[in-house]
Amino acid sequence: MTGAFCKTSYLGSDGGLGLAVAPLPVHLTPVARSASFVGHSLPYLLAVTFSLSRQRRRSRVEFTHAVFHEVMKSAVYAVYSAFIPRHLHNITTHGKKTFDIPNGPSLQFKRFHSCMDEDLVCSRTTIDRKYFPQLFSIAPMMDWTDNHYRTLARLISKHAWLYTEMVVAETIVHQSENLDRFLAFSPIQHPIVLQIGGSNLTNLAKAAELANSYSYDEINLNCGCPSGKVAGHGCFGARLMFDPEFVGDAMSAIASNCDVPVSVKCRIGVDDRDSYDELCNFIHTVSSRSPTKHFIIHARKALLNGLSPAANRKVPPLKYEYYFALLRDFPEICFTINGGITCIDQVTAALREGANGVMVGRAAYNNPWNTLGHVDSEVYGASSSNLSRRQILENYQMYGDSELGIYGPNKPSVRQMVKPLLNLFHSEPGNGLWKRKADTALRHCTTIKSFLEETLDAIPDNVLDSTLLRNPSIGEGGFAGINSLLPPPYRSCEKQALSIIGA
């Protein structure tokens, strides 16, 4: 797998010049890639000229020398980049400067172009903000995907898309004087999506407006939670699927009050309204009444009466065929698959079958090291952080101790900060002993540093200092032959009416 990169550019809001890394086609020979660089570099050189021209104090000679210097640097970089393999490019610049999407996440996935297509709104966003597309995301989970877990997840994976816990629109509206507690996050968490919940158009619009200043990369509406508090007394979550017209209007209101794309997370059906055509009617109605072009599909229906949220994640059968049929029937929309995917092999298998993206929930929380540690290399074809768990904990400890008590005594507490760490050594030697020592230490430790000093001797050094090594699997992951199971193609109500009239 080889490829090369050239410099391109973007102008910051202050008129300063920012550099990005753009790909040259991998199929070109080194000489052809050198020639191709000329076309790629023109925007960069024009941007350099424009940026330098804004510096009024430069003399004409200084200005000419500066432009010539940049041209020569670009020429040297063109020759250099034309001959280096893609995987040797200095990906470490990612942590310092944003960059454009390379030539696909990994050449082994022949159908990844379905999510890399620039015509897709969800992918266009990643291009604008210089992030990889949402090939892999971590599901929003109440009480789990808080700021602390997301910080840990980002230390393990540089490119996975993170989702917040669901924040109720009314909470945002009524806590407008204390929004940082609910919406603030570290910039290192980008790319990140805010999930909101609610059924009041005014509050949803106001919540999006208030959240807009926090610069999330997408705002998502929860239309899939079956919890009694949410879908029952709250009358939102999965219950919203009964009213696709309202969801379309809600998404339009949210989109009108923010500067980022909007998306919907939903089930394939609710109670007895679970046919494929009813799911398609929901997608068609929402997308036609709003600019929503990204749907996360949990491939189970929700049962609102008689099943707990936990049972709703296990009892209703998975129908992945509904998801792949949506790809066929709505090619202009980006769909992310969710539900029942527990390991990286299943993620890559779904992507090979043509999935636009994959969302993983509890597996990413219960086994973060093995689930998230392979995302960068096996999903995105990028270099991983190569950090050991000891190094991750050192970084997390600095973050954690700086966060303790910032919202008042024990807000957050040591216990809250340690919670995301407790699954970091899943199935490793010493894990059981470490958890027992952690339970004791949490009763008296007042800092993350003292907690780790007291407990980490339970984990062998070879576990703490090892990095992830594995060969990618090419297993089918449960999606082989899925295309033979697809339901008949969807015909919208408008098409059905036209066919009746024509007859």
Side-chain angles (χ1 to χ4, degrees), residues 136-158 160-172 174-175 178-198 207 210-211 213-222 224-225 227 229-230 234 237 265 296 309-310 313 338 359-369 371-372 375 392-393 395-424 426 435 438 442 445 447-448 451-452:
F136 182 96
S137 54
I138 301 175
M141 295 175 282
M142 291 299 294
D143 297 324
W144 284 14
T145 53
D146 56 14
N147 244 322
H148 318 314
Y149 170 76
R150 296 196 307 267
T151 299
L152 175 66
R154 182 58 73 224
L155 289 171
I156 301 174
S157 169
K158 296 181 292 185
W161 280 66
L162 308 179
Y163 277 65
T164 69
E165 303 171 273
M166 180 187 70
V167 184
V168 179
E170 283 70 21
T171 300
I172 298 175
H174 299 312
Q175 294 284 339
N178 191 27
L179 282 181
D180 281 1
R181 181 175 177 183
F182 301 96
L183 298 179
F185 61 92
S186 168
I188 70 165
Q189 291 183 25
H190 285 291
I192 181 172
V193 180
L194 169 67
Q195 186 182 72
I196 61 176
L210 292 170
S213 62
Y214 285 84
S215 298
Y216 284 92
D217 299 295
E218 184 174 296
I219 295 181
N220 175 269
L221 180 64
N222 185 330
C225 180
S227 163
K229 293 181 179 179
V230 173
K265 187 174 189 294
I296 298 100
R313 294 190 296 270
N338 173 231
M359 176 177 279
V360 176
R362 278 154 177 76
Y365 190 92
N366 292 329
N367 191 4
W369 178 249
T371 304
L372 303 181
V375 168
I392 287 172
L393 288 171
N395 284 302
Y396 187 86
Q397 177 255 308
M398 290 187 288
Y399 157 78
D401 283 336
S402 70
E403 289 284 304
L404 289 173
I406 60 172
Y407 297 113
N410 283 327
K411 294 182 181 180
S413 65
V414 172
R415 185 175 293 274
Q416 289 172 303
M417 300 299 301
V418 166
K419 181 182 175 183
L421 304 178
L422 296 179
N423 294 314
L424 191 58
H426 179 80
K435 285 189 174 182
L442 285 172
C445 284
T447 65
I448 309 302
F451 168 82
L452 293 175

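Quick note: residue numbers are just sequence positions, from 1. Below, each value reflects all heavy atoms present in this structure, side chains not excepted, and no hydrogens, waters or symmetry copies.
The two atoms that bring Pro412 and His148 nearest to each other are CB-NE2, 3.8 Å, heavy atoms only. The minimum heavy-atom distance linking Val193 with Trp161 is given by the pair CG2-CE3, 3.7 Å. Across every non-hydrogen atom of Ile392 and Leu152, the tightest pair is CG2-CD1, 3.7 Å.
Asp217 places a side-chain N or O within donor-acceptor distance of the main-chain N or O of Ile192, the cut-off being under 3.5 Å. Side-chain atoms of Lys419 come within 3.5 Å of backbone N or O of Asp143 as a donor-acceptor pair. Counting only distance, with no hydrogens or angles, the side chain of Asp401 and the backbone of Thr447 share no donor-acceptor pair below 3.5 Å. The backbone N or O of Val418 lies less than 3.5 Å from no partner atom in the side chain of Arg415, so there is not a single donor-acceptor pair.
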Could you list the donor-acceptor pairs under 3.5 angstrom formed between side-chain atoms of residues 361-369 and any protein atom two or more places apart in sequence or on another chain?
unit_1	atom_1	unit_2	atom_2	d
Asn366	ND2	Arg362	O	3.3
Asn367	OD1	Asn370	ND2	3.4

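Among residues two or more places apart in sequence or in another chain, the side-chain hydrogen bond (donor to acceptor under 3.5 Å, both in side chains) test is passed with Asn147 by Arg150, Gln189. In this view, Tyr396 and Tyr399 satisfy the ring pair (Phe, Tyr, Trp, His ring centres under 6.0 Å) rule, not counting sequence neighbours. With sequence neighbours excluded, the residues forming a side chain to side chain contact (heavy atoms under 4.5 Å, CB included) with Met142 are Glu165, Met166, listed by chain and number. In this view, Asn410 and Ser413 satisfy the side chain to side chain contact (heavy atoms under 4.5 Å, CB included) rule, not counting sequence neighbours. Partners of Ala153 according to the side chain to side chain contact (heavy atoms under 4.5 Å, CB included) rule, which considers only residues two or more places apart in sequence or in another chain, are Ile138, Tyr149, Leu162, Leu372.
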Could you walk me through whether Asn423 and Lys435 pass the side chain to side chain contact (heavy atoms under 4.5 Å, CB included) test, one step at a time? CA-CA 9 Å; Asn423 294 314; Lys435 285 189 174 182; 3.5 Å; yes

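With contacts defined as side-chain heavy-atom distances shorter than 4.5 Å, the pair Ile172/Leu179 qualifies.
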